[in-house]
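Report on the structure given below.
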Amino acid sequence: TLPQFDSLVSSLEERSMDPDENVRVKVCEAISDIAIKAPFLIPKSLLQALSNRCIDQVNYLSNFLVSYRALERLFHFL
């Protein structure tokens with residue numbers, strides 16, 4: 001893969017753990033935008049980072065919103 005894309009993936013993984021819900025929502029939107037155009041580019045590590053954040057029980061309601069928005073955007077293109 002391109003070094004720039006590896007850097008983008010790394011940044012998205014890091015930002016998926018951001019305490020700010022709005023940042024996590026933007027990460028979900030970015031991942032879904034990539035998935036719409038080229039789903040083969042989404043590495044398993046990025047999906048794992050996102051799912052790890054979504055199952056965090058400390059911020060259950062916040063994570064529910066992030067999960068809902070991510071699924072909503074991903075299903076939009078199906």
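For the single chain, residues carry numbers from 1 onward in sequence order.
Across Leu46 and Val9, no two heavy atoms sit closer than the pair CD1-O, 4.1 Å. Nearest heavy atom pair, residue Asp18 against residue Asp20, reads OD1-N, 2.7 Å. When all heavy atoms of Arg15 and Val27 are compared, the closest pair comes out as CB-CG2, 3.5 Å.
Annotation: the span from Ile34 atom CD1 to Ile42 atom CD1 amounts to 4.5 Å, rounded to 0.5 Å. Note that CD1 of Ile31 and CD1 of Ile36 are 12.0 Å apart. Values are rounded to the nearest 0.5 Å.
Note on Val23: it does not cluster hydrophobically with Met17, by side-chain heavy-atom contacts below 4.5 Å among ILVMFWY residues.
For Glu29, the side-chain contact (heavy atoms from CB on, under 4.5 Å) criterion is met by Val25, Lys26, Arg73, not counting sequence neighbours.
Within the 4.5 Å cutoff, the side chain of Ser45 has heavy atoms near those of the Glu13 side chain.
For Ser7 (side chain) and Pro3 (main-chain N/O), no donor-acceptor pair under 3.5 Å exists by modelled atom type.
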